[in-house]
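A quick note: this is a predicted structure, and the numbers were derived from the prediction, not measured. When reading the values below, keep in mind they use all heavy atoms of this one structure, side chains included, and skip hydrogens, waters and symmetry mates. Position 1 is the first residue of the sequence; numbering continues from there.
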Amino acid sequence: MTDRQRTATDEPRPRADGGYGTVADAEFGRASESGVWHRQLRVVAETEYRLAVRGRWAIALTAVFAAFALGLTTFSGSSVSPEGFERTVASLAVLAVYLVPLVALAFGYDAVVGREESGWLQTLFALPVERAWIVVGTLLGRAVVLASATIIGFGVAGGFLLWEFGLAGFDAYATFLLATVGLGLAFLAIGVLVSALAREKTHALGIALLIWAWFVLLHDLLGLGIVAAFDLSGAAVSAMLLANPTGIFRALVLGTLGAAGDAGFATVLAESGLSTGVLLGALVAWIVVPTVLAALAIRGRRL
């Protein structure tokens, strides 16, 4: 191939609508022609990541997490001691239970239905790419943004705690940070599932808010009432814990804090006796199962 032919090939070609193909269009074309699933998945994930970064989602999420975490650690009033470190981490865990699921659902509820209303989903479906990989790639791209924002945002507060309290008790904060990432990814996957099932963005938003209210508010109140009213077996309490990703998160964090954790149903969760491996496996299941269901739901979606 001559230099002139190579230059003509590299130039953007006009599309039918009068515009020009982008780098993402070219990548989609190459991935589609190759037929390799992992390349298709990577291209969709990279494109979704770039769109999220370009839309300032990454900056916004990081700023929200950092602002709340720094505000709580600055005005917590804990003493400079390992016990003070653990009490601060327990307060951050309470904050994360309310904030992270809400932010993750807000970030994921329009992943499919929002793309459909904008016309982007029709473009993706017109390509010879498996629909399941479109959903999984979209989730992966947003998951990278959310996980990075969580680590950076709460990591800033962790650096402040490290400077104030030293290394004593920092392992509890590391556990909290990893569990927070898992909690966010679980609710992001749930949000993408809702988006794959809903027909309108307003419906998806309403369902996402109901899901947040159930898992964050109502489930714990109902669980505390049932535990107080009935003499439940350990298996029943464990089943109630595993049925809620926020309960799994609390059990993971409170298991490293002991008495420094908060009271109420969270204490019941911390004393459930489930091992860390079981809790981690359950949290991973809350990420994988909604993702698989969303990938299955998108196959039957009609535009």
- Message: Assess whether a salt bridge exists between E48 and R115, defined as any Lys/Arg side-chain N lying under 4.0 Å from an Asp/Glu carboxylate O.
- Response: yes
Ionic contact status for R299 with E130, cut-off 4.0 Å:
yes
Taking all non-hydrogen atoms of both residues into account, name the closest pair between [X] and [Y] and its distance.
| X | Y | value |
| --- | --- | --- |
| L177 | G155 | CD1-N, 4.4 Å |
| V135 | A295 | CG1-N, 4.2 Å |
| P101 | A96 | CD-O, 3.2 Å |
| P290 | L193 | O-CB, 3.9 Å |
| G141 | Y49 | O-CD1, 3.9 Å |
| A157 | L70 | CA-CD2, 3.9 Å |

Cluster link [X] to [Y], ILVMFWY, side chain under 4.5 Å:
| X | Y | value |
| --- | --- | --- |
| F154 | Y98 | yes |
| L188 | I298 | yes |
| V284 | L139 | no |
| I134 | V292 | no |
| V100 | V94 | yes |

Point to revise | Pair L92-L72, side-chain contact (heavy atoms from CB on, under 4.5 Å): steps then yes or no | key: CA-CA 7 Å; L92 285 172; L72 192 149; 4.0 Å; yes
Under the ring-ring contact (aromatic ring centres under 6.0 Å, His included) definition, can you give me all pairs with a residue in residues 189-214, not counting sequence neighbours?
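ring-ring contact (aromatic ring centres under 6.0 Å, His included) check on residues 189-214 returns W214-H219.
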Quick one, [X] and [Y] - any side-chain contact, counting heavy atoms below 4.5 Å?
| X | Y | value |
| --- | --- | --- |
| E116 | K201 | no |
| L105 | V194 | no |
| T138 | V112 | no |

side-chain hydrogen bond (donor to acceptor under 3.5 Å, both in side chains) filter on D110, not counting sequence neighbours, yields R142
To the nearest 0.5 Å, what is the distance between [atom1] on [X] and [atom2] on [Y]?
| X | Y | atom1 | atom2 | answer |
| --- | --- | --- | --- | --- |
| I151 | T180 | CD1 | OG1 | 10.0 Å |
| I226 | L221 | CD1 | CG | 11.0 Å |
| L283 | L185 | CG | CG | 8.5 Å |

Please tabulate, for the side chains in residues 56-66, all donor-acceptor contacts under 3.5 angstrom to protein atoms that are two or more places apart in sequence or on a different chain.
from: R56; atom 1: NH1; to: R54; atom 2: O; distance (Å): 3.1
from: T62; atom 1: OG1; to: A58; atom 2: O; distance (Å): 2.8

Using the side-chain contact (heavy atoms from CB on, under 4.5 Å) definition, which of the options I190, T246, L183 pairs with W286?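 Running side-chain contact (heavy atoms from CB on, under 4.5 Å) over I190, T246, L183 with W286 returns exactly one hit, I190.
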Tell me whether Y109 contacts the main-chain N or O of A204 through its side chain, where contact means a donor paired with an acceptor under 3.5 Å.
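Judged by distance alone, no pair lies under 3.5 Å.
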Exercise. Is it true that a side-chain atom of S195 and a backbone atom of G191 form a donor plus acceptor pair closer than 3.5 Å?
Worked result: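 Not at all, since once roles are kept as given, no pair shorter than 3.5 Å links the two residues.
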Within a radius of less than 6.0 Å around CZ of F215, do more than 12 heavy atoms belonging to other residues, nucleotides or ligands occur? yes
Report task. For side-chain contact (heavy atoms from CB on, under 4.5 Å), just list the numbers for V89 and T175, CA-CA rounded to whole Å, side-chain angles, deciding distance to a tenth of an Å, and then say yes or no. Result -> CA-CA 10 Å; V89 173; T175 301; over 6 Å; no
task = Walk me through it: do I248 and L241 pass the test side-chain contact (heavy atoms from CB on, under 4.5 Å)?
result = CA-CA 6 Å; I248 299 171; L241 186 155; 3.8 Å; yes
Worked verdict on R250 versus V97 for side-chain contact (heavy atoms from CB on, under 4.5 Å) = CA-CA 8 Å; R250 286 177 172 176; V97 164; 3.4 Å; yes
